[in-house]
Structure formats: C-alpha cells, structure tokens
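This structure is a prediction, so every number in the text was calculated from the model and none was measured. Lettering follows sequence order; numbering is per chain, from 1. Heavy atoms only: backbone and side chains are in, while hydrogens, waters and symmetry mates are out.
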Amino acid sequence: MSEAAVPRGLEGEGPLVALIGQPNCGKSTLFNALAGFKANTGNFPGTSVAFTRSDVLVAGLPMRLIDLPGTYSLHPYDAAEQVTRDFLLSGQVDAIVAVVDASVLSRSLELTLELIETGLPLVIALNMMDDARRKGITIDVPALEARLGVPVVPTVATRGHGVVQVALKALHASRTRQSGILPTYDRDIEESLGTLIQAMPAELSVRMRVPTRFLAARLLQDDEAVRQAVGKAHPEVLTLADTQRRLLAEMHDWPEESVFSSHRHAAAMDLFEDVARVVRRTRDGWRERTDDVLMHPFWGIVGVVAALGGLFVASFFVGDRLAGVVGAPFEALMDAIGDRADTSLVWAMTRGLVEGLAGGAGIVLPYLVPLLLLMSFMEDVGYLPRAAFLIDGLLHRIGLHGKSVIPLVLGYGCNVPALMGTRILETTRDRVITALLVPLTACSARTVVILALVAGYLGPLWALGVYVLNILVTALVGRILSAVVPGHAPGLLMDIPPYRLPPAGTLARKTWFRIREFLVEAWPVLIVASIVMGALQFAGADDWLNGLLAPLTSGVLGLPAVVGVTLFFGILRKELSLVLLYSALGTANVASVMTPAQILTFTLFVTFYIPCVATIATQVREIGWRWTLVSAALNTGVAILVAATLGRLA
Amino acid sequence: MTLAQAVPGTRVRVVGRNRGRRHEANLAGLGIHVGDEVIVVRSAPFDGPLLVEVPASGVRIAVGRGMANGLFVEPADE
Ligand SMILES: Nc1nc2c(ncn2[C@@H]2O[C@H](COP(=O)(O)OP(=O)(O)O)[C@@H](O)[C@H]2O)c(=O)[nH]1
C-alpha cells in the first residue's frame with residue numbers, strides 16, 4: 001500500500017489497473033474484494049482520499065490495482081478529484097475499471113463517457129445491481145456493451161459477485177488495448193475539436209498516452225493540468241483553444257464550462273433510456289421512514305447527539321467489562337515482578353515490556369474494538385452525510401462549511417484519516433481551518449484515556465462531560481479561526497446516499513483493518529516506549545525529564561511531577577500517556593495517588609495538547625509545516641488554558 | 001423564484017442559475033442540470049441545506065442555502 005499525490009514508485013509486475021468511479025459507488029468494496037481485504041472502505045464521499053495500491057494475483061496473473069478517490073467528473077472541484085484526474089493523465093495507467101452505481105445509472109454514465117474519451121482500455125463494473133433491482137431498474141447489459149464498445153460486468157461488490165470477472169476482463173483489456181467507442185459531439189463542437197487537433201503537438205499525446213482528441217477536448221473544457229502541459233512549449237495552442245471555447249459558448253448560449261458537460265448529460269440520458277427500463281419506482285418504505293426521523297429538523301438533531309453520545313457510552317460499558325477480564329492476568333504478572341524491577345536493568349525493562357503488553361491488550365483494545373466497530377457501522381450505513389446535512393446550518397453560523405463535519409466526526413475515530421478527509425473541502429480556507437480543528441477532536445486513543453481515567457474514576461457522566469466540553473471548545477476555536485482567517489464558506493453540495501445495511505463481514509473486515517493498524521503500528525511503539533521508560537526509570541533519567549517539565553506539570557497544572565514523562569511520550573502515541581501513567585505512578589490504581597481534580601486536569605491536558613506524531617506528519621503533508629506549527633501552538637495553548645482553569649474549578 | 005424559496009414536498013424545474021464562483025459549479029457533476037425537474041424533499045434546521053431529489057436519476061443531494069439562493073426554479077406540474 002502506498003500514498004502519494006503524484007504517482008511514484010508504481011513499478012511492479014503486471015498491468016496497472018485504476019479503479020475510478022463516483023463517490024459511494026462501492027469502489028473501495030470492490031477494491032477490497034479484489035485486494036484480499038487489504039484496504040479501508042467507507043460509505044462516505046471522500047473517505048478514500050489518497051490512492052491505495054494493492055498487488056493482486058488474478059487466476060495466477062499479476063496486476064497492480066489502484067483505488068483512486070471518488071470523483072463526479074474529470075473536472076476537479078476538490079483536491080481528491082484532482083488526484084484522480086492527475087493520475088489518469090500520468091501515462092501510467094494500462095486499464096481502467098469504471099465502477100458504476102447501477103442504481104443511479106444515468107448520472108454515473110456521464111463520468112463513464114468522459115473516461116471512454118481517454119482512449120484507455122476500459123471495463124465497466126456495473127455495481128449495486130441489487131440496489132438497482134430493488135429500485136425496479138433493469139439494465140440490458142449487452143445493449144450497453146454494444147453502445148459503449150467496452151465489456152460490462154454486473155457486480156454486487158459486497159457479496160463478491162462478478163468481482164473476479166471484472167479483474168479478468170481488465171487484464172484482457174490491458175493486453176488487447178481495446179478502448180471504447182468515442183462519443184461524438186454536435187457538429188460545431190466537432191469542428192472546434194478538429195481545428196484544435198490540427199494545432200496540437202503530437203508528442204504530448206505520446207507522452208501522456210492519451211489521444212490528441214481527448215487532450216483537445218480537455219483544453220476546450222479549460223482543464224488546468226492539460227493547459228499547463230501544453231502551455232510551456234505551445235502558448236499559441238492555448239490562445240486558439242480559448243478562442244474556440246468562447247466561440248462555442250456563444251453559439252450555444254451556455255456558460256463555457258457547461259458546453260461539454262451538457263452534451264455528456266444529454267448523451268448519458270439517451271443511453272440510459274435506451275438500455276435501462278424502470279419498471280416501478282416504489283418508495284423505499286423503511287428507508288423513507290427512517291429519514292423522516294433521522295433527518296427531521298428537531299428529532300434529527302436529537303439523533304445526532306444520541307448517536308455520538310451512545311457511541312461513547314456503549315464503548316465505555318463494553319470496554320470497561322472487557323478491560324477487567326483481559327487486564328487481570330497482566331495485573332497478576334505485574335504483581336509477580338513486583339519490586340524486582342528496582343534490582344536490575346533487565347527486570348526494569350521486563351516490567352516495561354509487560355506494561356506495554358498490558359497497556360495494549362488490557363486497556364486500549366477493550367475500548368478501541370467497540371468504538372471502531374460502531375464508528376464503522378455509522379460510516380458504512382450512510383449516517384455521516386445525514387449528520388452533516390443537519391449540522392450544516394449551525395456550522396455556517398460559526399463560519400464553517402457543513403462538509404467540515406465529516407472530517408471532524410472522523411477525527412473522533414482517528415485524526416490521520418480525518419486530516420486526509422479535509423480534501424473534500426473545496427477552498428483552501430476551509431481546509432486549513434478544518435485541519436487546525438481536527439487535532440482538537442478527541443480521537444479514539446484519547447477516548448481511551450478519557451474512558452479509562454475519567455469514566456473509570458469519576459464516573460461515565462464526567463466522561464461525557466469531557467466530550468461535550470471537547471466539542472464546545474472545538475466549536476469555539478472554530479468560531480475564532482473563521483473570524484480570523486479571511487474568506488467565506490461556500491455552500492454545501494453533497495450526495496446523500498441511500499441507507500445501506502453493510503454486511504457483517506464487510507463491517508468486521510473494516511474494523512479489523514483499523515485494529516490491525518493499531519496492532520502492527522501502534523502497539524510495537526507502545527511496547528518499545530514502555531521498555532525504554534522502564535530503563536529510564538531504572539537509570540533515574542525520568543526524574544530529569546520530570547524536573548524539566550515540572551513548571552508545567554506541577555506549576556501550572558498542579559499535577560504530580562512524575563506525570564511529566566508520560567506527557568512527553570504521549571506525543572508518540574496518545575495511549576502511551578495512559579499506559580505510562582500507571583508505571584510512573586507505580587500503581588494501577590490512579591485514584592490512590594491523584595485526586596479526582598488532578599485526574600480530570602491530566603485527562604483534559606492529554607485530550608487537547610500536541611497531537612501524536614502520525615497526526616503531525618499528516619498535517620505537514622496536508623497544510624504545510626507553517627500551519628502545523630500554528631496548530632501545535634494552538635493545541636498546547638488550548639490544553640493549558642482548559643486544563644488549568646477547569647482542573648482548578650473541579 | 002429560487003430553489004431556497006421552494007416549499008418542501010413540491011416539485012420544481014431548474015430554469016437557470018447564478019453564474020459566478022467556479023468552485024461552486026459542480027452541480028452538474030452531482031446530477032442537477034438546468035432543465036431538470038427536482039423534488040424538494042425536506043429542509044434542514046438553522047437555515048441549513050435542502051434535500052433535493054432528481055426523480056429522473058434517483059439521486060439525492062443536499063444543497064446548501066447559499067447555493068439554493070442562486071438556483072432559479074419554477075413550479076413543475078405533477
Ligand atoms: N447493496 C450494495 N451495497 C454495496 C455494494 N457495493 C458496495 N456497497 C456498500 O455501499 C457503501 C459504499 O461503498 P464504498 O466501497 O465505501 O464506496 P466508495 O465510496 O465508492 O469507495 C458501503 O456501505 C458498501 O457496503 C453493492 O454491490 N450492493
């Protein structure tokens with residue numbers, strides 16, 4: 001798996017096959033079905049923002065599979081769509097799998113027509129066939145194949161139907177290099193295209209591995225990437241393209257940018273009418289009624305609050321039970337080691353090892369598993385866009401974009417994908433503000449700290465209070481940022497997909513994928529840091545670090561100075577603060593050493609201060625290191641302010 | 001009238017749009033075109049977006065107030 005904005009390091013065996021489709025067409029599900037479940041899926045426009053790669057064997061033949069971000073058209077309106085367009089023009093793609101949502105066939109066909117124009121070998125995966133059938137849509141697959149000149153494979157990605165066939169056809173297409181039937185436009189558009197094609201340099205088409213006709217059409221649609229590719233050497237071609245574009249707009253009396261899209265729309269509608277029959281359009285009983293409640297102006301808001309609240313309460317109760325059961329044997333082991341840890345370095349490090357293991361298995365995982373499972377469910381069932389719909393009005397009051405809800409809600413799971421999710425925002429302003437807010441949201445690692453410390457020692461209601469406070473503080477900071485950062489939030493425009501009950505297998509796989517990320521990436525860090533901490537303690541170096549941080553920890557925050565080292569390591573992973581707290585205090589019963597007010601202060605500080613290194617790294621990539629520094633300062637400032645004032649009050 | 005003024009539950013036809021900001025131009029990509037009939041299904045609280053359905057394609061889209069103010073519509077016969 002790899003991520004990059006521009007394809008690099010794509011070498012490998014077999015043809016490079018790109019999966020392209022509109023958001024929510026089931027592309028990631030199809031990809032996962034093919035990739036042996038290596039990647040992540042989500043029923044959310046823009047969950048898969050950077051591309052994911054997987055090398056697969058189909059019938060013993062290798063293939064490099066790329067899952068590109070969902071895009072509505074080849075004209076990019078946001079950063080994620082740009083990734084897809086750029087990839088397509090990179091000259092690396094050997095075949096395209098156009099994933100089409102059969103239940104909204106006419107709209108999906110517009111993108112398909114655009115893709116066929118690239119002249120690249122293409123196979124259509126006609127996905128969501130079950131949904132289409134449910135809606136009473138029947139599709140004449142051979143007729144569609146004949147009209148487009150490309151293979152069409154009906155699929156139900158969630159059940160794996162047709163999936164292998166798609167891969168085989170894609171392999172075949174990449175070998176025969178057979179492309180589809182190029183759509184033709186009105187005579188005047190064709191004339192403009194002809195004029196431009198004459199003037200276009202031939203080498204460009206060779207380098208980008210797409211037909212000159214496609215490049216000319218892109219120029220007439222004011223495609224920035226193609227303009228740049230042409231512009232350097234051939235400014236006169238650009239001038240010609242501009243003239244022709246204006247001419248066409250005048251002739252059709254249309255805005256320049258919609259000359260081509262209107263044509264494609266008409267062509268897609270024609271095609272749809274010829275190949276599809278809508279027998280009945282029954283209103284979906286339960287889906288409609290569910291929306292009557294969940295999107296209701298009042299009950300919907302109640303629902304959002306209940307859903308988020310329920311998520312954490314449920315995670316706490318399940319997590320608490322599990323933690324007791326799983327944690328017990330580790331406790332026994334720790335007792336057995338006991339004072340021996342002070343006798344030699346080996347024993348000190350052994351205790352660190354056991355603590356690291358216990359922290360992962362006995363503290364983090366019990367809370368993480370139910371939380372991630374429930375979040376995956378909310379994501380896959382299609383609830384998040386509805387929450388965004390309901391909260392958009394409120395967010396606009398504080399000067400934010402309604403779509404910001406999506407990264408912010410995702411932030412409560414993990415800040416890293418949430419930051420990548422900011423790419424669905426159209427303007428830089430919104431992206432920066434949202435990316436500054438995401439690290440303030442209490443991700444699952446911090447949730448674990450809140451649940452284990454505040455819920456565990458002060459009670460679940462207190463933990464819920466910390467959550468509400470977290471949301472209020474994030475909103476307040478958002479309000480301030482949107483007043484400070486110039487610009488305005490553009491209107492919301494977002495697909496609301498139908499509710500889809502994700503099959504248990506899909507859900508389990510997705511949750512497993514995220515948990516595996518913790519197991520292979522975070523847990524080792526936790527264990528190593530824990531061992532290092534054991535050694536540091538043995539050498540007495542933690543005292544030095546604690547002394548260094550004492551002005552903050554005991555001075556400003558009124559905490560025992562021994563927590564200094566836990567806050568320091570917490571920057572690596574937030575769970576570390578919790579795991580190391582036990583060893584720093586020398587007991588698993590925190591309440592015997594810290595007062596409830598101190599526990600609250602500690603948790604509040606951990607919740608808000610500098611995010612973990614993974615988040616910082618992602619932030620640098622998304623908004624640059626300057627803003628990342630601003631973000632770190634912001635987080636620390638907020639953390640000190642909130643923890644110091646509220647800790648004193650409690 | 002504009003889409004923002006349409007009463008939830010009614011069917012309207014999009015007749016034109018305020019041109020301007022290019023980053024807001026993706027209506028067509030999501031499936032709303034000039035000439036399309038759409039149903040205003042419901043509206044969100046706090047002056048929030050409208051939920052619009054395009055019956056011809058079955059697509060449902062949330063359209064923010066600002067955007068809805070820039071879309072001109074006329075009542076469509078049932
Ligand atoms: N009914 C049905 N649901 C599907 C199918 N393929 C995917 N889904 C579901 O549709 C939702 C969106 O799928 P996802 O792969 O995340 O879409 P993406 O945004 O295109 O990557 C998920 O809830 C999937 O479980 C299908 O063929 N039929």
Name the region of [X], side chain, backbone, both or neither, that has any atom closer than 4.5 Å to a heavy atom of chain B.
X       : answer
E81(A)  : side chain
D291(A) : both
R264(A) : neither
I391(A) : neither

Is a side-chain donor or acceptor of R107(A) paired with a backbone partner of L30(B) at a separation under 3.5 angstrom? yes
Do the side chains of [Y] and [X] get nearer than 4.5 Å, heavy atoms only?
X       : Y       : answer
E110(A) : H33(B)  : yes
M295(A) : L51(B)  : yes
F46(B)  : I301(A) : yes

Residues in side chain to side chain donor-acceptor pair (under 3.5 Å) contact with E37(B), at least two apart in sequence or another chain: R11(B), R13(B)
Partners passing side chain to side chain donor-acceptor pair (under 3.5 Å) against D292(A) (at least two apart in sequence or in another chain):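 So D292(A) forms a side chain to side chain donor-acceptor pair (under 3.5 Å) with R42(B).
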The reported gap from CZ in F389(A) to CD1 in I61(B) (rounded to nearest 0.5 angstrom) is 12.5 Å
Winner by heavy-atom pair count (cut-off under 4.5 Å) against chain B, out of L394(A), L395(A), D392(A), V104(A):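 Top count of heavy-atom pairs under 4.5 Å with chain B: L394(A).
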Where S57(B) and S106(A) come nearest, the two heavy atoms and their spacing: CB-OG, 3.1 Å
